[in-house]
*Asks:* 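Mind having a look at this structure? Questions to follow.
Just so it is clear: chains get the letters A, B, ... in the order the sequence lines come, proteins before strands, and each one is counted from 1.
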Number of protein chains: 2
Amino acid sequence: MATGRTHRPATRSRGIPEATVARLPLYLRALTALSERSVPTVSSEELAAAAGVNSAKLRKDFSYLGSYGTRGVGYDVEYLVYQISRELGLTQDWPVVIVGIGNLGAALANYGGFASRGFRVAALIDADPAMAGKQVAGISVQHSDGLEKIISDNGVSIGVITTPPGVAQAVCDRLVAAGVTSILNFAPTVLTVPDGVDVRKVDLSIELQILAFHEQRKAGEEAAANENAVPAPAGRADSTDQGPDGDVPAVMPA
Amino acid sequence: MATGRTHRPATRSRGIPEATVARLPLYLRALTALSERSVPTVSSEELAAAAGVNSAKLRKDFSYLGSYGTRGVGYDVEYLVYQISRELGLTQDWPVVIVGIGNLGAALANYGGFASRGFRVAALIDADPAMAGKQVAGISVQHSDGLEKIISDNGVSIGVITTPPGVAQAVCDRLVAAGVTSILNFAPTVLTVPDGVDVRKVDLSIELQILAFHEQRKAGEEAAANENAVPAPAGRADSTDQGPDGDVPAVMPA
DNA sequence: CCATCTTTGTGCACGCGTTCACAAAGACAT
DNA sequence: ATGTCTTTGTGAACGCGTGCACAAAGATGG
Ligand SMILES: NC(=O)c1ccc[n+]([C@@H]2O[C@H](COP(=O)([O-])OP(=O)(O)OC[C@H]3O[C@@H](n4cnc5c(N)ncnc54)[C@H](O)[C@@H]3O)[C@@H](O)[C@H]2O)c1
Ligand SMILES: NC(=O)c1ccc[n+]([C@@H]2O[C@H](COP(=O)([O-])OP(=O)(O)OC[C@H]3O[C@@H](n4cnc5c(N)ncnc54)[C@H](O)[C@@H]3O)[C@@H](O)[C@H]2O)c1
């Protein structure tokens, strides 16, 4: 999982559990694909398979939205697309700003998946004067001096932060002060925000480290299983051959 | 949370809960910052604040690793950095390949945060013949024909997929067949993999949709609180003014 | 050596999320 | 109308994660 909600511990919204909310976009994506193939109805079993979840979980998730299925038949695809879209707030347009138009910010700006849902890139903002006026993805980059006015003029409530980590909190503070109440943070920093502001983070490095943990565990188990059979599985990254508990502390605690 | 683990339901590894594993990188980042400031020891309270978590949770997390603290004092920063690094498998180098060197793939390749932990970009792979040989982040892009050989020669076990969604499953299959056992997927698709292969996904669109959900809920509550006081909060994105339950189904189920 | 003070490590309770399993509901055929 | 068959919707049980609250451990000072 690359993301992790910050803050807002268990604010079950209108009875819809947070875990369910996080899966609704998954269902919506699968349903949209079915809709494009003009499939009229779908069973919980089929849809669950397409979304990569358990069918019981899917049914329970949908039960929080209402009784939208027909027993013996399944769910009407178009109807469900509409209901989930409405529940997620995608029937309206959400203007978003991206702050920090470097490698990642530019990639996001160029990403078509934004507009395909109800999101519209309202502005690109960067602190580098050399960037101001440059066209990225057909949008002119604006200098961060005008951040507050841009937020206000466009009624932006969602901000994306792709600046270096050192300035992320400062950028976040300005966004919040200007009226932004939802932030998607790509900088590897813990952001502190007032109550009522939602922060979600995407941290590539954390994802890789979690994968590395499991990878190491798999290698350790494999080694334990093979015990001292063959020397090494040809070129695998276990050269140091430090057992899973090769406890050689670098520094002892005081 | 931008990521979400696929598969591997609750394979509590060596007694370390999955939720704890996901937080270890957070602690490690905070500890590294302290280490750079030459702070010798840190209390659970301070470290928890820096990592943005509850101190009780942090202590419980560390208790799974062992008793590395000193009561009345706290934790030795350097020692803890080493222990967590070892637990996460960061004492060894992990070669990774990135497949699909477009906007996002190139941004990731240029990202310095890779190497700062134990990850090394072993190769960049793309199916576009025009990309082959091009330098991205100082690395020459290789054609996907040689994917299997690249994986094998470099002992790669972690792959990053940044191709268009339509080919992601095919790319995934090839990576797995070539020996990759951990995949970080940026394409908005559900990947199916055999047992023993870990998949984590990062989906920007899902993150935004979750934010939109809460944003809508906030707007709805605000509207309910204001009832019919002032017309509108000047430029906010609630023009359609469809109440939180403006139930107007597009299509009725059969 | 003893008292005091700080901070860890954890037992325990609670709530959320997941999954099972099945009754109820509806479609469809006869 | 009745029976059969499919699939939903959900009650209930269970397990994981979280947070409280405190006893134990060790540092520190006298
Ligand atoms: N590139 C990646 O793949 C990647 C992956 C994970 C995380 N990240 C994180 O995302 C962030 C951006 O990464 P990047 O590779 O695009 O970096 P980058 O250096 O290419 O881009 C950062 C941009 O932010 C701008 N900036 C700096 N200070 C600013 C301010 N105060 N206000 C507005 N803009 C400001 C800079 O001018 C620059 O254009 C970093 O925090 C990085 O750690 C990047
Ligand atoms: N750009 C973003 O910010 C962003 C955000 C979220 C998700 N994504 C997803 O990430 C993926 C990449 O996005 P992008 O904007 O970089 O797209 P892109 O079109 O710029 O890049 C895709 C690259 O993949 C290559 N490719 C195509 N088929 C391939 C194959 N079979 N093997 C190897 N390489 C292949 C293409 O040649 C191209 O270079 C997409 O699935 C997109 O939905 C992107």
*Asks:* Let me know the distance between CD of B/E45 and P of C/dG9, rounded to the nearest Å.
*Replies:* 14 Å
*Asks:* Looking at C/dC22, I'd like to know if its phosphate oxygens (OP1 or OP2) sit under 4.0 Å from a side-chain N or O belonging to A/R71.
*Replies:* no
*Asks:* Quick check for you: among D/dA12, C/dG17, C/dG9, whose closest atom lies nearest to any side-chain atom of B/S67?
*Replies:* C/dG9
*Asks:* Under the side-chain contact (heavy atoms from CB on, under 4.5 Å) criterion, do A/F186 and A/I98 qualify, and how do the steps go?
*Replies:* CA-CA 11 Å; A/F186 285 84; A/I98 303 177; over 6 Å; no
*Asks:* Under the side-chain contact (heavy atoms from CB on, under 4.5 Å) rule, what do B/F62 and B/L80 come out as? Steps first, then yes or no, please.
*Replies:* CA-CA 9 Å; B/F62 285 176; B/L80 206 45; 3.3 Å; yes
*Asks:* In whole angstrom, what separates B/Q83's CD from C/dT8's C1'?
*Replies:* 17 Å
*Asks:* Which sits closer to the 5' end of DNA chain C, B/S43 or A/G72, going by the nucleotide each is nearest to?
*Replies:*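 Whichever sits nearer the 5' end wins; that is B/S43.
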*Asks:* When the distance from NZ of A/K60 to P of C/dA21 is rounded to whole Å, what number comes out?
*Replies:*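 Checked: the NZ to P distance equals 14 Å.
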*Asks:* Please determine if a side-chain N or O atom of B/K57 lies less than 4.0 Å away from the OP1 or OP2 oxygen of D/dG19.
*Replies:* yes
*Asks:* Looking at every non-hydrogen atom in both residues, tell me the closest pair between A/Y68 and A/R86 and how far apart they are.
*Replies:* OH-NH2, 3.8 Å
*Asks:* What's the CG-P distance between A/L65 and D/dG9, to the nearest Å?
*Replies:* 10 Å
*Asks:* Looking across every strand, which nucleic acid part, if any, lies under 4.0 Å from B/F62 by heavy atom: base, sugar-phosphate, or nothing?
*Replies:*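 It contacts nothing in the nucleic acid.
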*Asks:* Between A/R59 and C/dT18, is there a contact of a side-chain N or O with OP1 or OP2 at under 4.0 Å?
*Replies:*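 No, no such contact exists.
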*Asks:* Closest approach to the side chain of B/A56, judged atom by atom: which nucleotide of C/dG9, D/dC20, D/dG26 is it?
*Replies:* D/dC20
*Asks:* Between B/N54 and A/V42, which residue's closest nucleotide on DNA chain D lies nearer the 5′ terminus?
*Replies:* A/V42
*Asks:* Of the options C/dG17, D/dG19, D/dG9, whose atoms approach the side-chain atoms of A/P17 most closely?
*Replies:*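 Nearest nucleotide to the side chain: C/dG17.
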*Asks:* For C/dT8 and B/S44 - does any side-chain N or O of the residue sit under 4.0 Å from the phosphate oxygens OP1/OP2?
*Replies:*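 Result: yes.
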*Asks:* Quick one: does A/W94's side chain have a donor or acceptor within less than 3.5 Å of a partner on A/R117's backbone?
*Replies:* no
*Asks:* Starting at CG of B/D76 and ending at C1' of D/dA27, how long is that distance when rounded to a whole Å?
*Replies:* 15 Å
*Asks:* Could you give the CG-to-C1' distance, from B/L47 to C/dT7, as a whole number of Å?
*Replies:* 14 Å
*Asks:* Can you measure A/E18 atom CD to C/dG17 atom P for me and round it to whole angstrom units?
*Replies:* 8 Å
*Asks:* Which pair of heavy atoms, one from A/S44 and one from A/Y75, lies closest together, and at what distance?
*Replies:*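 Closest heavy-atom pair between A/S44 and A/Y75: CB-CE1, 4.0 Å.
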*Asks:* Whole angstroms only, please: what is the CG-P distance between B/L58 and D/dG19?
*Replies:*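 Distance, rounded to whole Å: 12 Å.
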*Asks:* For a quick test of reading the model: is some side-chain N or O of A/Y75 closer than 4.0 Å to OP1 or OP2 of D/dG9?
*Replies:* yes
